[in-house]
Amino acid sequence: MVRFRREPGHMPLPLLAAGFVALACVAILVLSGWREWESRSAALSNAETDMANLARSLTQHVDDTFEIADNTLTVLVNQLELEGAGPAAMAKVQIFLKRRNPSSRVRGVFVYDDSGRWLATTEQVDNIAALNNSDRDYFKAHRASAARGTLIGRPVNSRSGGQWIVTASRRFNHPDGSFAGVALVTIDVDYFAQFYRQFDIGPNGSVALLSADGIILARSADNGSYVGRDMSGTPLFRDLKSRAAAGTYYFTSSLDGLKRLSFYRLSSRYPIMVLATQAEGDVLASWRREALTHLAVDATLVMLIALTGFVLVRQLLQRQQMAVALSAKEADFRLLAEQSSDMVMRIGLEETILYASPSCARVIGWEPAQLTGTPALGGVNAADLPRVRGTVSELKSGAFEEARVIYRTRHREKGEIWIESALRVTRAADTGIVNGVVAISRDMTEHKDLEDKLAALATLDGLTGIANRRHLDERLAEEWARARREGTALSLLMIDIDHFKSFNDQYGHQAGDDCLRAVARVLQAHARRPGDLAARYGGEEFVLLMPGTEADGCVLVGDDIREALHALAIPHAKNLPARRVSASLGGATNMPAASTECASLIEAADRALYAAKDQGRNRMVMSGQVIAWPGSRSA
């Protein structure tokens with residue numbers, strides 16, 4: 001059985017961890033539910049916007065349709081009141097009706113006299129005189145009212161075609177103002193229904209056209225029983241006077257029993273309303289699928305967190321048990337530290353030395369008593385201090401358990417030495433919280449000096465002491481990338497000692513080596529800027545790399561080098577006509593582009609070098625001054 005040892009007012013760490021894991025799981029579930037609710041609200045809001053836009057467009061379409069009917073009626077009534085309803089006038093009206101522009105929106109045009117008898121029509125009917133519409137509601141309304149406006153009536157079955165139609169009618173009068181008859185325009189209900197079916201509003205969505213008093217004039221989804229149905233008893237129409245002219249409306253349809261999201265809009269010109277609806281189930285179908293997926297993912301995540309938390313709490317309990325064991329072995333630690341040849345220090349969170357082993361006198365020249373209580377990083381070189389302090393800070397924060405760092409520090413007698421320290425955090429036995437760092441250090445000065453010497457040998461030419469070919473290739477790639485990035489010029493000189501083989505044959509290899517070293521010193525002297533690099537390319541060939549140097553500058557440096565070699569006056573009898581050591585130089589300057597490689601710069605300088613040799617040696621040629629052709633290179 002594990003007993004938690006804690007200070008008053010402090011909870012055991014495993015209990016805190018368990019509480020945190022539980023809180024995280026609950027927070028994820030709550031946030032997931034809130035996110036899905038917000039997503040549901042967004043889906044409904046988007047659907048409301050879509051329905052609003054659709055209702056707005058369809059209201060404009062209805063207004064345009066009835067405007068066509070209204071204009072037709074206005075022209076027709078004016079002609080009837082001007083010329084009367086006699087046979088001659090009806091003949092002219094019939095001609096007018098036949099000549100009118102056909103419209104897919106308007107089905108037919110009719111004229112009835114004051115008794116309801118048919119006088120004229122665009123429909124093809126037999127025995128027009130035998131037909132009478134005095135029983136129609138619109139006819140009765142016009143006969144009873146002197147109002148001259150257009151009346152949009154309830155849907156009726158057409159007597160000429162048998163289909164459902166919506167009527168728009170106007171009264172026309174005798175010259176004395178008495179009732180003379182009715183002019184009528186009809187629009188097929190199916191025209192509206194077919195037009196509304198063009199819009200994709202889900203499998204159960206619908207668009208309905210209603211009169212302002214609640215009569216269904218047309219509906220996109222119609223089983224044959226919807227047209228003409230009275231919806232005035234629904235909440236929408238009961239409260240219509242208190243509602244805005246357009247708005248969102250949620251309801252359970254009495255037609256199909258589906259819960260619907262809708263947007264209604266009343267026409268500002270005619271007593272009609274457009275109601276665009278979607279089934280709420282269709283709107284939320286995609287959201288439900290995504291919500292189930294999200295909830296499954298979140299549930300899996302919560303399970304993983306809970307499992308991880310369980311493992312973590314278990315590990316914390318085990319670490320507390322280990323801390324107790326470690327605390328019991330503190331004496332063993334001190335014994336081992338004091339017997340070790342490496343310097344062992346225990347450093348507190350304030351970065352002060354709490355303990356130093358006797359080996360510190362051998363490693364850094366200070367006795368343990370002199371170090372205890374002093375800053376652990378006090379002697380670290382200023383250049384290395386940020387790196388060392390950053391490593392210690394990360395250890396103290398618990399970012400990782402252990403680290404290794406190499407740095408310079410002061411020795412009491414030897415000045416500055418290199419130290420390698422293996423660092424590991426220590427934790428409080430009761431809480432498991434980081435309470436310090438243990439550092440095991442050794443003197444690495446000799447090892448570091450050897451590393452520096454090996455690094456230098458890897459990049460320098462053994463004979464001349466300047467950069468070797470490998471180092472040149474690395475620097476060239478770096479400077480090429482920098483020049484490409486910054487858009488600057490990069491120049492390179494390739495130098496070849498003229499007739500060097502003859503020099504070796506005549507004066508011996510020792511003299512040849514001295515000559516190569518002398519040329520290297522000249523090149524090194526002309527690598528004046530920090531970025532310039534003099535290198536031995538191979539044999540008697542040398543290279544001078546000059547970042548940020550234009551072609552003119554490259555020529556000046558090349559001429560200076562050639563003159564400096566001439567000033568050395570090293571005898572070379574077989575190098576005619578100079579009779580002293582000289583060199584041929586090839587220069588190249590480039591503005592690196594993304595499509596070119598750094599090898600092209602060496603190739604250009606190499607071609608220029610061989611052009612200089614072809615022209616008689618002991619001269620400088622830039623790559624832009626020659627044109628390469630196959631076979632132009634010579635030894």
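Computed from a predicted structure; not experimentally measured.
Exactly one of V62, L217, L240, D213 qualifies for a side chain to side chain contact (heavy atoms under 4.5 Å, CB included) with M273. That residue is L240. Tested against V109 for a side chain to side chain contact (heavy atoms under 4.5 Å, CB included), the candidates L73, T122, T186 yield a single pass: T122.
Shortest non-hydrogen contact noted between R427 and N435 is N-OD1, 3.5 Å. Nearest heavy-atom pair across A47 and Q278 is CB-OE1, 3.7 Å.
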### Task
Let me see the working for Y226 and M231 under side chain to side chain contact (heavy atoms under 4.5 Å, CB included), right down to the final yes or no.
CA-CA 10 Å; Y226 295 152; M231 306 300 293; over 6 Å; no
### Task
Assess whether side chain to side chain contact (heavy atoms under 4.5 Å, CB included) is satisfied between Y191 and V166, documenting all intermediate values.
CA-CA 10 Å; Y191 163 72; V166 177; over 6 Å; no
### Message
Set out, in order, the CA-CA distance, both residues' side-chain angles and the distance that settles side chain to side chain contact (heavy atoms under 4.5 Å, CB included) for D188 and W164, then state yes or no.
### Response
CA-CA 6 Å; D188 281 353; W164 280 100; over 6 Å; no
#### Entry: Test side chain to side chain contact (heavy atoms under 4.5 Å, CB included) applied to F66 and T150, step by step
CA-CA 10 Å; F66 281 104; T150 298; over 6 Å; no
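Side-chain contact check for L601 versus L476: some heavy-atom pair is nearer than 4.5 Å. The shortest side-chain heavy-atom distance between R56 and F263 does not fall under the 4.5 Å cut-off. With a 4.5 Å cut-off on side-chain heavy atoms, R148 and V77 count as touching. Between D282 and P203 the shortest side-chain heavy-atom distance falls below 4.5 Å. Within the 4.5 Å cutoff, side-chain heavy atoms of F192 are placed close to those of T65. Taking the side chain as every heavy atom from C-beta outward, V189 and Q163 never approach each other to under 4.5 Å. Residues L490 and N590 have side chains not in contact (no heavy-atom distance under 4.5 Å, counting atoms from C-beta outward). With a 4.5 Å cut-off on side-chain heavy atoms, F172 and V111 count as touching.
Judged as a ring-ring contact (aromatic ring centres under 6.0 Å, His included), and not counting sequence neighbours, the contacts of F179 are F139.
Between the OG1 atom in T74 and the CZ atom in R170 there is a gap of 4.0 Å [rounded to 0.5 Å]. Taking CG of L261 as the reference point, atom NZ of K259 lies at 10.0 Å (rounded to 0.5 Å). Separation of atoms NZ (K396) and OG1 (T391) is listed at 12.0 Å; rounding is to 0.5 Å. Considering CZ of F110 and OG of S158, their distance stands at 5.5 Å, rounded to 0.5 Å. A distance of 10.0 Å separates OG1 of T426 from CD of E401, quoted to the nearest 0.5 Å. In this structure, the separation between CZ on R288 and OG on S39 is 12.0 Å, given to the nearest 0.5 Å.
Heavy-atom contacts from other residues, nucleotides or ligands closer than 6.0 Å to CZ of F20 number 12 or fewer. In N53, the CG atom is crowded: over 12 heavy atoms of neighbouring residues, nucleotides or ligands sit closer than 6.0 Å. The number of heavy atoms from other shown groups lying within 6.0 Å of CZ (F310) does not exceed 12.
A donor-acceptor contact shorter than 3.5 Å links the side chain of R171 to the backbone of H142. For R265 (side chain) and L54 (main-chain N/O), no donor-acceptor pair under 3.5 Å exists by modelled atom type. Distance alone, capped at 3.5 Å, is enough to place a donor-acceptor pair between the R260 side chain and the N204 backbone. Side chain of N132 to backbone of S115: a donor-acceptor contact under 3.5 angstrom is found. Put simply, the side chain of R484 gets close to the backbone of T596: a donor and an acceptor are under 3.5 Å apart.
Looking only at atom types and distance, the side chain of S206 has a donor-acceptor partner in the side chain of T277 under 3.5 Å away.
Counting only residues at least two apart or on different chains, no side-chain hydrogen bond (donor to acceptor under 3.5 Å, both in side chains) pair has a member in residues 236-249.
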Please tabulate, for the side chains in residues 293-301, all donor-acceptor contacts under 3.5 angstrom to protein atoms that are two or more places apart in sequence or on a different chain.
from : atom 1 : to   : atom 2 : distance (Å)
T293 : OG1    : R289 : O      : 3.1
H294 : ND1    : E36  : OE2    : 2.8
H294 : ND1    : E290 : O      : 3.4
D298 : OD2    : S32  : OG     : 2.4
D298 : OD2    : R35  : NH2    : 2.7
T300 : OG1    : A296 : O      : 2.8

